[in-house]
Amino acid sequence: MSDSYMQEQAEALAQHLRLTDSKTGHVEATADGFHVYVRRKWPGKQITSWDGLPVEWHENVGTHKAANR
């Protein structure tokens, strides 16, 4: 899979989770799946896979990590 494809999927997942204000959290694409970083407990984290790849959740991360700075 190409990196640009993975990035598109990460962005689609971020849209799906409404993580588009760049403060609440973000999605990172890696070779082995997607990592979702959010600042607080997330009620919708029952999503465990996206596009056939695993989704790993990281809750209560710091503001800078959530904003991907």
Side-chain angles (χ1 to χ4, degrees):
M1 277 185 270
S2 73
D3 288 345
S4 62
Y5 175 80
M6 288 295 286
Q7 197 52 50
E8 279 173 33
Q9 290 304 311
E11 284 169 26
L13 178 55
Q15 292 275 343
H16 179 76
L17 297 170
R18 296 187 175 85
L19 296 177
T20 52
D21 62 3
S22 77
K23 287 190 196 81
T24 310
H26 77 284
V27 179
E28 217 169 78
T30 65
D32 56 353
F34 301 98
H35 293 266
V36 179
Y37 296 91
V38 287
R39 283 180 55 190
R40 52 187 151 291
K41 286 280 183 210
W42 198 259
K45 74 171 191 179
Q46 64 269 27
I47 295 175
T48 56
S49 68
W50 183 259
D51 194 42
L53 290 163
V55 173
E56 197 171 313
W57 288 83
H58 306 273
E59 294 176 310
N60 300 321
V61 298
T63 306
H64 285 305
K65 185 66 182 166
N68 196 18
R69 295 201 186 108

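Treat the numbers as computed from the prediction; the structure is a model and nothing was measured.
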Can you see which heavy atom on Ala66 is nearest to which on Thr24, and at what distance? CB-O, 3.8 Å
Interatomic spacing from CH2 in Trp57 to CD in Gln46 - rounded to 0.5 Å: 8.0 Å
Test side-chain contact (heavy atoms from CB on, under 4.5 Å) applied to Ala10 - qualifying residues, sequence neighbours left out: Gln7, Val27, Ala29, Phe34
side-chain contact (heavy atoms from CB on, under 4.5 Å) between Ile47 and His16, worked out: CA-CA 10 Å; Ile47 295 175; His16 179 76; 3.5 Å; yes
Can you run down the salt bridge (Lys or Arg N to Asp or Glu O under 4.0 Å) pairs that involve residues 15-42, sequence neighbours left out, and say none if there aren't any? Glu28-Lys65, Lys41-Glu59
Sequence neighbours excluded, the answer for side-chain contact (heavy atoms from CB on, under 4.5 Å) partners of His58 is His35, Tyr37, Glu56, Val61
A side-chain contact here means heavy atoms from C-beta on lying under 4.5 Å apart; do Val38 and Leu17 qualify? no
Can a donor-acceptor pair be found, under 3.5 Å and without considering hydrogens, that links the side chain of Thr30 to the backbone of Gly33? yes
4.5 Å side-chain heavy-atom contact, Gln9 and Leu53: no
Starting at CG of Asp51, measure out to CG of Leu13 and round the result to the nearest 0.5 Å. 10.0 Å
